**Student:** 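Questions regarding the structure given below will be posed in turn.
Quick caveat: nothing in here was measured; it's all calculated off a predicted structure. Heavy atoms only: backbone and side chains are in, while hydrogens, waters and symmetry mates are out.
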Amino acid sequence: MQVRSKMGSNCGGSPNWSDWSEPVVWGSNNSTEVDCLVVHLKYVSCSWNKQGTPGVNYTFYSRFHNDKEFLYCTDYVSENNVNVGCNVPYDKLIEKRFETYLTKLVDGSRTDQASGVPQKHNLKDKVLLAPPVNLTVKNESDSNLWFYWNQTYSNCVDSEVRFRTNNNNWETSKVSTARQSFCINLPSSNSRYEMQVRSKMGSNCGGSPNWSDWSEPVVWGSHNSTDNTQKNLISVWTPVLYVVGVITLIILVMMLLHYERLRIILIPVVPKPSLNHRDMENWFQSSKGLNFEDFKANYNERACPVREYCQVSQSDSESSGGSTCSVTTNQTDCSVSIPVNESEDVSTPCSTSTSSITDSSEKELHISV
């Protein structure tokens, strides 16, 4: 709406109208509509730049339903030197947020507080918590990985955890109200775990659909670095190091082949064994109780004279006319007895000069040495 005026006839009227006043808007499409949130149960944050920066520098007033007077804003949020928001601190907001909250904007060029039109707000479900703090991760004695954090009014807070392994996709898991810990069963020591958590007001304390921002990540595992720049540097230098290593290996092999060192290293030369007679003499001389002459070959052996006895039957002996079947040599002090089978032909004459006949029942051949 806009308005203009002129001098009335009761005061000596004038046909000249003034210019139109600044427009005043009200309704669902009001460009100065105010939005409010209870931030971390510490202060109420209101803004009126949802549809852009307004053309008027407004003065903000607010109060709860049970308060007597509107409070003047002392902490404005500005944009291009124009007020677009206000933060109003309150005590016990966890309880006061159930009351109706009243706000109004007044054109900054006016000093009349009553000119503004109050707007009503229900703050019960407009709570925005700050991200959880004091994040820690521990590998406990039960071999599980435990994730801990702190949040204001923990008995009224719902939490949600997200984690990922080795920079893979995030996995999310809801945590029951008032609980401020999360467990990953039997983690791998060769993997890297990254975890974050966010919170909102639970339904048992007048729930709010507004989730906080994700907390700072906490990391556990063999690669604890979260610096993306360092990871990019490693990924760039890795192939370069591989190429340099291969080239160095090829050059080393070529040098070894050139100087025939590789063949000696891989297939060492086995020395040919040889016997040195002089070295053995020296060894025997240096060893006590050994005589080298005893180890020399001696092929001089004493001849062994042999006497052979042949056993013949009596009939054969009579017909033989005294022929002999024995061989006589010089007797020695050793003798060998050889049994002879009955079927053997013992009548063969032997080239001897004497013979002796024993009883026919004897069937042995005696050889004396």
**Student:** Can we call the ring centroids of F163 and F147 under 6.0 Å apart?
**Tutor:**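 F163 vs F147: aromatic centres not under 6.0 Å.
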**Student:** When rounded to the nearest 0.5 angstrom, what distance separates CE in M195 from OG1 in T165?
**Tutor:**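 Answer for the CE-OG1 pair, M195 versus T165, is 9.0 Å.
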**Student:** Could you tell me if the side chain of F70 sits less than 4.5 Å from the side chain of K104, heavy atoms only?
**Tutor:**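 Yes, at least one pair of side-chain atoms sits under 4.5 Å.
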**Student:** Answer yes or no: are there more than 12 heavy-atom neighbours, outside E79 itself, under 6.0 Å from its atom CD?
**Tutor:**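 Buried by this count: over 12 neighbours within 6.0 Å.
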**Student:** Flag this pair as yes if the NZ/CZ of K96 is under 6.0 angstrom from the six-membered ring centre of F64 and inside a 45 degree cone about the axis; otherwise no.
**Tutor:**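 Yes.
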**Student:** Look at the side-chain heavy atoms of Ile, Leu, Val, Met, Phe, Trp and Tyr, link any pair under 4.5 Å apart, and say whether V175 and V197 land in one connected group.
**Tutor:**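 Yes, V175 and V197 fall within the same hydrophobic cluster.
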**Student:** Quick check on side chain to side chain contact (heavy atoms under 4.5 Å, CB included): which of L102, V106, L105, V88 does Y61 satisfy it with?
**Tutor:**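 Answer after filtering L102, V106, L105, V88: V106.
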**Student:** What distance separates Q119 CD from T103 OG1, expressed to the nearest 0.5 Å?
**Tutor:**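 Separation between the atoms: 4.5 Å.
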**Student:** Got a sec: does the CG of D142 have more than 12 other heavy atoms crowding it under 6.0 Å?
**Tutor:**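 Buried by this count: over 12 neighbours within 6.0 Å.
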**Student:** What I want to check is whether the side chains of R192 and N167 have a donor and an acceptor closer together than 3.5 Å.
**Tutor:**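 The criterion, which ignores hydrogens and geometry beyond distance, is satisfied for N167 and R192.
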**Student:** Are F60 and Y76 an aromatic pair, judged by ring center distance below 6.0 Å?
**Tutor:**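 That pair fails the under 6.0 Å test.
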**Student:** Is it the case that over 12 heavy atoms from other parts of the model lie below 6.0 angstrom from the CG atom of D91?
**Tutor:**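 Atom CG in D91 is not crowded, with 12 or fewer foreign heavy atoms closer than 6.0 Å.
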**Student:** In the single-linkage hydrophobic clustering (I, L, V, M, F, W, Y; side-chain heavy atoms under 4.5 Å), do V137 and L135 co-cluster?
**Tutor:**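 V137 clusters together with L135.
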**Student:** Mind checking the SG-NZ spacing from C36 to K126? Nearest 0.5 Å is all I need.
**Tutor:**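 Output value for this atom pair is 7.5 Å.
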**Student:** For D125 and S208, does a side-chain donor sit closer than 3.5 Å to a side-chain acceptor?
**Tutor:**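 Absent: no donor and acceptor within the cut-off.
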**Student:** Quick check on the hydrophobic clustering: are W149 and W211 connected, directly or via other members, by side-chain heavy-atom contacts under 4.5 Å?
**Tutor:**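 No, W149 and W211 fall in different hydrophobic clusters.
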**Student:** Does one side chain, of S199 or Q151, offer a donor that lies under 3.5 Å from an acceptor on the other?
**Tutor:**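 Looking only at side-chain atoms, Q151 and S199 do form a donor-acceptor pair, the distance falling under 3.5 Å.
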**Student:** Considering all heavy atoms of both residues, which atom of N185 and which atom of N144 are nearest to each other, and what is their separation?
**Tutor:**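 Of all heavy-atom pairs spanning N185 and N144, the closest is CA-OD1, 3.4 Å.
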**Student:** Using every non-hydrogen atom in the two residues, find where N81 and N57 come nearest and quote the distance to one decimal.
**Tutor:**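 For N81 and N57, the tightest heavy-atom pair comes out as O-ND2, 3.9 Å.
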**Student:** Establish whether Y90 and I94 are linked, either directly or via other cluster members, by ILVMFWY side-chain heavy-atom contacts under 4.5 Å.
**Tutor:**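 They do share one cluster, since a chain of ILVMFWY contacts under 4.5 Å joins Y90 to I94.
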**Student:** For the residue pair S215 and Q196, confirm or rule out a side-chain donor-acceptor distance under 3.5 Å.
**Tutor:**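 No, because no side-chain N or O of S215 sits under 3.5 Å from a partner of the opposite role on Q196.
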**Student:** I'd like to know if R97 and E99 make a salt bridge, using a cut-off of under 4.0 Å between side-chain N and carboxylate O.
**Tutor:**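 Not counted as a salt bridge, because no side-chain N and carboxylate O are separated by less than 4.0 Å.
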**Student:** Under a 4.5 Å side-chain heavy-atom rule over Ile, Leu, Val, Met, Phe, Trp and Tyr, are W170 and W214 clustered together?
**Tutor:**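 Looking at the clustering, W214 is in a separate group from W170.
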**Student:** Parallel, tilted or perpendicular: which one describes the rings of H121 and Y101, with boundaries at 30° and 60°?
**Tutor:**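 Rings of H121 and Y101: tilted, 30 to 60°.
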**Student:** Less than 2.5 angstrom apart at the SG atoms, yes or no, for C86 and C73?
**Tutor:**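 Their SG atoms fall under 2.5 Å; a disulfide, then.
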**Student:** What's the separation between atom OG1 in T53 and atom CG in N80, rounded to the nearest 0.5 Å?
**Tutor:**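 These two atoms lie 5.5 Å from each other.
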